[in-house]
> 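The structure is given below, and queries will be raised subsequently.
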There are 2 protein chains.
Amino acid sequence: MTGISSFRQADIEEAEAYLDREPPAEIDPRLEPLVNEIISRVADKWTMLILEVLNEHGVMRFSEIGRAVDGISQKMLTQTLRQMEREGLVTRTIYPVVPPKVEYALTPLGDSLGRAFCGVWLWAERHIDEIESARAAFDACKDK
Amino acid sequence: MTGISSFRQADIEEAEAYLDREPPAEIDPRLEPLVNEIISRVADKWTMLILEVLNEHGVMRFSEIGRAVDGISQKMLTQTLRQMEREGLVTRTIYPVVPPKVEYALTPLGDSLGRAFCGVWLWAERHIDEIESARAAFDACKDK
DNA sequence: TTCTACACTCTCTTTTTGGTAAGTATAATT
DNA sequence: AATTATACTTACCAAAAAGAGAGTGTAGAA
């Protein structure tokens, strides 16, 4: 139940138009290492998937996220959520009850990151066939 | 010389408008695992950086890319370029001369991926301060 | 009284990743 | 005759990432 399925129409249309455009220009080279660092921490597999399920379902409990994100281990779930909390992408609300209850939700920052990734999801969805056939052609060629 | 600095004005404006929008909707949940897999292979550090320098410089030789991408080892350069070639993101043209000469260039597919990442670069650039202060606040709180 | 749910934490082991350094082939250069 | 440049490949090793599994504390259900 995760994946592309969670994007709103407005975002999709915008990202699609954007994918058909021409290439790059200039902004600020000084920020570069900083930006690289941020991207490397934020653009990992589990972060992207958690971002999506939270975007789709709103507020969720620890174990709910665990069930929604296919194949994630408890360890990775805790670790990724802590990292996301640290970066300001999610809020963590603890209810002092027993058994424990902890709720996670996206911050506006986390939400905006989800939107930024929309273009990449759309790209992947759009170009699945192209990639598959490129790979098949490459492998066939190298096997000979 | 890499980083955000290489995006064209049209892309930047489009991505900026896009970052200010509201969240997600529905597309196709069946593609999900496939899309996840593609993203996990394509959204890694070196791929993103190579994508950028090629986008900025056009056709490049092996050692030129090595010089342009800060900190990459020969091994990772070869490995990443092969993978990108396999996915259909770059073309590899070998000139049978000595010493060897090999040229790399983005395919239209590789080029479109670069554009898809534009939104993420812009997001990171825009929110550096927010992330830094979230992190500082988190760490200060946990240290007590 | 034992069991379950919850949200973890901790340790141990395996897998993956990536760096270093050496080797290859050959023509031109010093 | 030794060196340089090019674009690699291969072997080895260290570090980092990630999975598996057990442990924790407590209230309420069976």
Side-chain angles (χ1 to χ4, degrees), chain A residues 33 36-51 53-54 57 59-87 90-105 138-139 141-144, chain B residues 33 36-50 53-54 57 59-87 89-105 138 141-143:
Chain A
N36 281 358
E37 200 235 357
I38 286 172
I39 287 183
S40 72
R41 253 206 326 286
V42 127
D44 90 303
K45 185 185 170 183
W46 298 128
T47 303
M48 286 180 69
L49 295 175
I50 292 175
L51 215 53
V53 303
L54 281 175
H57 295 93
V59 178
M60 288 175 92
R61 297 181 63 171
F62 181 84
S63 54
E64 278 186 279
I65 303 175
R67 266 173 259 127
V69 176
D70 203 49
I72 196 169
S73 68
Q74 223 173 20
K75 183 187 170 182
M76 281 300 102
L77 183 53
T78 309
Q79 211 172 93
T80 311
L81 283 170
R82 280 302 135 72
Q83 205 174 259
M84 290 173 79
E85 192 194 353
R86 184 170 185 248
E87 315 287 353
V90 299
T91 56
R92 180 160 171 264
T93 315
I94 305 164
Y95 297 90
V97 294
V98 67
K101 179 176 177 180
V102 181
E103 286 183 344
Y104 294 89
F138 183 90
D139 293 346
C141 178
K142 300 292 145 171
D143 283 347
K144 277 187 297 199
Chain B
N36 281 358
E37 200 236 358
I38 286 172
I39 288 182
S40 72
R41 253 207 325 286
V42 129
D44 89 303
K45 185 184 169 184
W46 298 128
T47 302
M48 286 181 67
L49 296 174
I50 293 175
V53 302
L54 281 175
H57 295 94
V59 179
M60 289 175 91
R61 297 182 62 172
F62 181 85
S63 54
E64 278 186 278
I65 303 176
R67 266 173 260 125
V69 177
D70 203 49
I72 196 167
S73 67
Q74 221 174 19
K75 183 187 170 182
M76 281 298 103
L77 183 53
T78 310
Q79 212 172 93
T80 311
L81 283 170
R82 280 301 134 73
Q83 207 176 258
M84 290 173 80
E85 191 194 354
R86 182 169 185 250
E87 316 286 353
L89 302 176
V90 299
T91 56
R92 180 160 171 264
T93 314
I94 305 163
Y95 296 90
V97 295
V98 67
K101 179 176 177 182
V102 180
E103 285 183 344
Y104 293 90
F138 183 91
C141 178
K142 301 291 145 172
D143 283 347

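A, B, ... follow the sequence lines: proteins, then strands. Residue 1 opens every chain. Predicted model, so just to flag it, every value in this text is computed and none were measured.
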> If I take atom CD from residue B/Gln83 and atom OG1 from residue B/Thr47, how far apart are they, to the nearest 0.5 angstrom?
5.5 Å
> Roughly how far, to the nearest 0.5 Å, is CZ of A/Phe62 from CD of A/Gln74?
5.0 Å
> Tell me: NZ of B/Lys75 to C1' of D/dT9, nearest whole Å?
11 Å
> Rounded to whole angstroms, how far apart are CE on B/Met60 and P on D/dT6?
13 Å
> Under 4.0 angstrom, heavy atoms only, what part of the nucleic acid is B/Gln74 near: base, sugar-phosphate, or nothing?
base
> Tell me: CZ of B/Arg92 to P of D/dT6, nearest whole Å?
16 Å
> Within the 4.0 Å heavy-atom criterion, would you say B/Tyr104 contacts the bases, only the backbone, or no part of the nucleic acid?
sugar-phosphate
> Apply the test side-chain hydrogen bond (donor to acceptor under 3.5 Å, both in side chains) to residues B/Arg82 and B/Thr78: give CA-CA distance (whole Å), side-chain angles for both, the deciding distance (0.1 Å), then the verdict.
CA-CA 6 Å; B/Arg82 280 301 134 73; B/Thr78 310; over 6 Å; no
> At 4.0 Å (heavy atoms only), tell me whether B/Thr78 reaches a base, stays on the sugar-phosphate, or touches nothing.
base
> Measure the distance from CE on B/Met76 to C1' on D/dC8 and round it to the nearest whole Å.
14 Å
> For A/Val98 and for A/Phe62, find the nucleotide of DNA chain C with the closest heavy atom, then tell me which residue's nucleotide is more 5'.
A/Val98
> Does the side chain of B/Thr93 come within less than 4.5 Å of B/Val59's, by heavy atoms?
no
> Quick check: are there more than 12 heavy atoms from other residues, nucleotides or ligands sitting under 6.0 Å from NZ of B/Lys45?
no
> Between B/Leu81 and A/Ile72, just flag the one whose closest nucleotide in DNA chain D comes earlier from the 5' side.
B/Leu81
> B/Val69 and side chain to side chain contact (heavy atoms under 4.5 Å, CB included): which partner among B/Leu77, B/Leu54, B/Val53?
B/Val53
> Nucleotide range of DNA chain C contacted by chain B, 5' to 3', under 4.0 Å to a heavy atom?
C/dG18 to C/dA27
